[in-house]
Enquirer: 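Take a look at this one; I'll ask things after.
Quick note: residue numbers are just sequence positions, from 1.
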Amino acid sequence: MKKLCVLLLSVVLSISLLGMSSDVIEVFIDGQEVEFDVVPEIKNQRTMVPLKLIFDKLEMTVEWDGILRKVTASKEGLTIELTIDSSIAYVNDTMVMLDSPAYIKDSRTMVPLAFVAEATGAVVTWNDSTRDVYISSLTYPLVDTGLERLFTDVSKVSWLSEDSSFYGQDGHYEGNQPSYIDNGDGTVLDTVTGLMWQQTMDEKMSFDQALIYANESKLGGYSDWRLPSIKELFSLILFTGMSGGEVAKELYIDTDYFDQPLGDTSIGERDIDAQTWSGTEYVGKTMQNDDTAFGVNFIDGRIKGYPKYDPRLKSDKLMYVRLVRGNESYGQNQLINNGDGSVSDLSTGLMWQISDDGITRDWEEALEYAESLKLAGHEDWRLPNIKELQSIVDYTKSVETSGSPAIDGMFTLTQIMDPEGQKNYGYYWSSTTHQDGMNTASSASYVAFGKAQGMMRGELLDVHGAGAVRSDPKSGNASDYPSYLGPQGDLRYLYNYVIAVRDID
């Protein structure tokens, strides 16, 4: 994925440096190992790195003033100045105090890694077990879905040319590939996102119990665990998963690193009754005016809003919990209206079409539209994969509470009338095939930016919440839709809207 211009953003550091020895430290920037001619070292309990090579990798211009012994690094609105042996640096003319001054080693300027991160907005993660440093130039780097397979609307295929139908789907594009480290202490580090995860989930618990559980956890010797946001939790999902209705086939999470239980069939549960709580509460209500929190189902590959109380069991709803820590900026968008029909997200490195064109399409037509789009002087638009599309959901909004779709107000989405004539917003296609059901090639995932509706006991309800991720058939007769399917009577439209995406140059 093409990398974003480095701007001054907030940064979250999860580096533990106290008491470290002088062993060799390896540094990775955006997944690539950096080869230094002067190796990083620990000085005054700080990791010191060669400035020029780091800034070169972050695509900054570096200048040296030998008389003043001053280094200036710059790029697009960001200027950093450091003077050798001085504890004062300047970031865009703002004075910053260094806890360890820059110095010269073997003709190279050495600077504190923490300062590099704070000044550039990079996310830095330290892995104590391997003594590796991971630097990401984005605060919200998206992990690829992992899906390499290609599909039509009826079958898996081995190859599709650029001029063929169904070109431009998820498997044609490659993003940041999943990369994990098992820390050996019950935690797993995601080196793409900078997030550290609980490896094994305990017994199911209520939403309120989950919040207490997170606050009290000391897993791995850390005390800053939290219940993940829905965007953090969705970062773990892999659409290499496959599900057969209520039965598990291939799980939607990397089971080499994470333990993922199924529902307990011995007590009447289904395999898919193994949902995981997020800490994101729905601002609206679902079902029968129920308080709701979002969760991810790693058995069937969906995001839904789940009522906190189960009226059938007459008790709090119980779900699994996987705690997270680190990179507290993850999931926070940094949007800029480019004034040319596009919006840039500086946190993910993606550029978005600012509004749909008001036309609904089946999946094949959606792929073709996005691939052929010419907008804002660019021709490399595509249909977003489901993790890219979910990244721009604004979970602080809903039709019920804000009268708007669950997306930033910079975007313009087409308002629709639901089957009962009430105002709503439609579904938006992703390029990701959802391998679910009898024919695992026939459906693709979408995001519901408005109410995710279903027909239950003859009543049309918001059953899953704005920001839900579900799937629709890729093709069919228009006269057969809208229709309803499943125990919640999920409303299916088939003909959905498109917002295209591209990587920022």
Enquirer: Pairing donors with acceptors under 3.5 angstrom, does anything connect the side chains of Q453 and D418?
Expert: yes

Enquirer: Tell me whether E203 at atom CD has more than 12 heavy atoms from other residues, nucleotides or ligands lying less than 6.0 Å away.
Expert: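 Not buried by this count: 12 neighbours or fewer within 6.0 Å.
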
Enquirer: Taking the six-membered ring for Trp, are Y497 and Y428 ring centroids under 6.0 Å apart?
Expert: yes

Enquirer: Just by distance, no angles: are the side chains of K474 and T433 close enough, under 3.5 Å, to form a donor-acceptor pair?
Expert: yes

Enquirer: Give the minimum heavy-atom separation between A214 and L323, together with the two atoms involved.
Expert: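 In this case the closest contact between A214 and L323 is CB-CD2, 3.5 Å.
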
Enquirer: Return yes if some donor-acceptor pair links the side-chain N/O of Q198 with the main-chain N/O of T200 below 3.5 Å, else return no.
Expert: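 Between the backbone of T200 and the side chain of Q198 there is a qualifying donor-acceptor contact (under 3.5 Å).
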
Enquirer: Would Y425 and F449 count as a close aromatic pair, with their ring centres under 6.0 Å?
Expert: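 Ring centroids of Y425 and F449 are no less than 6.0 Å from each other.
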
Enquirer: Once you round to the nearest 0.5 Å, how far does OH of Y320 lie from CG of L262?
Expert: 8.0 Å

Enquirer: Does any donor atom in the side chain of T292 or T286 lie under 3.5 Å from an acceptor atom in the other side chain?
Expert: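 Checked: T292/T286 side chains pair up, N/O donor to acceptor below 3.5 Å.
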
Enquirer: Check whether any side-chain heavy atom of I303 lies under 4.5 Å from a side-chain heavy atom of Q390, and answer yes or no.
Expert: yes

Enquirer: Taking V321 as the fixed residue, which of M205, Q209, K204 is the one that meets the side-chain contact (heavy atoms from CB on, under 4.5 Å) rule?
Expert: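 Going through M205, Q209, K204 one by one, the side-chain contact (heavy atoms from CB on, under 4.5 Å) with V321 is satisfied by M205 alone.
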
Enquirer: Give me the ring orientation class for Y140 and Y330: parallel if the planes are under 30° apart, tilted from 30 to 60°, perpendicular past 60°.
Expert: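 The arrangement is perpendicular - the two ring planes meet at more than 60°.
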
Enquirer: Side chains of E281 and F207: closer than 4.5 Å at any heavy-atom pair?
Expert: yes

Enquirer: Roughly how far apart are F239 CZ and L147 CG, rounded to 0.5 Å?
Expert: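 Interatomic distance, F239 CZ to L147 CG, rounded to 0.5 Å: 9.0 Å.
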
Enquirer: Can you find a heavy atom in the side chain of Q177 that is under 4.5 Å from one in the side chain of V192?
Expert: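 A side-chain contact under 4.5 Å is absent here.
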
Enquirer: Just checking, is any N or O donor in the side chain of T187 or D185 under 3.5 Å from an acceptor N or O on the other one?
Expert: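 Judged by distance alone, the side chains do pair up.
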
Enquirer: Consider only side-chain N and O atoms of D408 and N333, and report whether a donor and an acceptor are under 3.5 Å apart.
Expert: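 No, no side-chain donor-acceptor pair sits under 3.5 Å.
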
Enquirer: For residues D436 and S243, is any side-chain donor paired with an opposing acceptor at under 3.5 Å?
Expert: yes

Enquirer: Taking all atoms of both residues into account, what is the closest heavy-atom pair of W429 and D472, and its distance?
Expert: CH2-CB, 3.6 Å

Enquirer: Between Q353 and R502, is any side-chain donor less than 3.5 angstrom from a side-chain acceptor?
Expert: no

Enquirer: Do the non-hydrogen side-chain atoms of W381 and E371 ever get within less than 4.5 Å of each other?
Expert: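 No, side chains not in contact.
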
Enquirer: Does the side chain of D462 pick up a donor-acceptor pair with the side chain of Y282 at under 3.5 Å?
Expert: yes

Enquirer: Between the side chains of N385 and S431, does any donor sit under 3.5 Å from an acceptor?
Expert: no

Enquirer: Show the nearest heavy-atom pair for residues P384 and I499, with the distance to one decimal.
Expert: CD-O, 3.2 Å

Enquirer: What I want to check is whether the side chains of Q415 and N424 have a donor and an acceptor closer together than 3.5 Å.
Expert: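 Their side chains do not contain a donor-acceptor pair, so the 3.5 Å distance test is not met.
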
Enquirer: Is there a side-chain contact between V498 and D356 (heavy atoms, below 4.5 Å)?
Expert: no

Enquirer: According to the interplanar angle, ranging from 0 to 90°, do the rings of W277 and Y306 count as parallel (below 30°), tilted (30 to 60°) or perpendicular (above 60°)?
Expert: perpendicular

Enquirer: Does T276 reach the side chain of N297, with side-chain heavy atoms less than 4.5 Å apart?
Expert: no

Enquirer: Testing the 3.5 Å rule here: is there a donor-acceptor pair between the side chains of D202 and Y213?
Expert: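 Short answer, yes.
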
Enquirer: Considering only heavy atoms from C-beta outward, does the side chain of S475 approach that of W363 to under 4.5 Å?
Expert: no

Enquirer: Is it the case that the side chains of R470 and Y446 hold a donor-acceptor pair, with the cut-off being a distance below 3.5 Å and no angle test?
Expert: yes

Enquirer: With a 3.5 Å cut-off and no angle check, do the side chains of D170 and T432 form a donor-acceptor pair?
Expert: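 Short answer, yes.
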
Enquirer: When the side chains of residues 398-406 are checked against the rest of the protein, which donor-acceptor pairs come out under 3.5 Å, sequence neighbours left out?
Expert:
from: S398; atom 1: OG; to: E400; atom 2: N; distance (Å): 3.4
from: S398; atom 1: OG; to: T401; atom 2: N; distance (Å): 3.1
from: S398; atom 1: OG; to: T401; atom 2: OG1; distance (Å): 2.8
from: E400; atom 1: OE1; to: K285; atom 2: N; distance (Å): 2.8
from: S402; atom 1: OG; to: S398; atom 2: N; distance (Å): 3.3
from: S402; atom 1: OG; to: S398; atom 2: O; distance (Å): 2.8
from: S402; atom 1: OG; to: S404; atom 2: OG; distance (Å): 2.7

Enquirer: Are any of the side-chain heavy atoms of L236 and R322 separated by less than 4.5 Å?
Expert: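 Yes, at least one pair of side-chain atoms sits under 4.5 Å.
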
Enquirer: Look only at the side chain of T265 and the backbone of G268, and say whether a donor-acceptor pair between them is shorter than 3.5 Å.
Expert: no

Enquirer: Tell me yes or no: between the side chains of T191 and S179, is some donor less than 3.5 Å from an acceptor?
Expert: yes

Enquirer: If you draw the axis of the six-membered ring of Y173, does the NZ or CZ of R382 fall within 45° of it and under 6.0 Å from the ring centre?
Expert: yes

Enquirer: Answer yes if the ring centres of F166 and F151 are under 6.0 angstrom apart, and no otherwise.
Expert: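 Ring centroids of F166 and F151 are no less than 6.0 Å from each other.
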
Enquirer: Please state whether the rings of H434 and Y252 are parallel, tilted or perpendicular, taking 30° and 60° as the class boundaries.
Expert: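 Rings of H434 and Y252: tilted, as their planes differ by 30° to 60°.
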
Enquirer: Going by an N to O cut-off under 4.0 Å, is there a salt bridge joining R226 and E232?
Expert: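 Looking at E232 together with R226, the answer is yes, because their closest N to O distance falls below 4.0 Å.
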
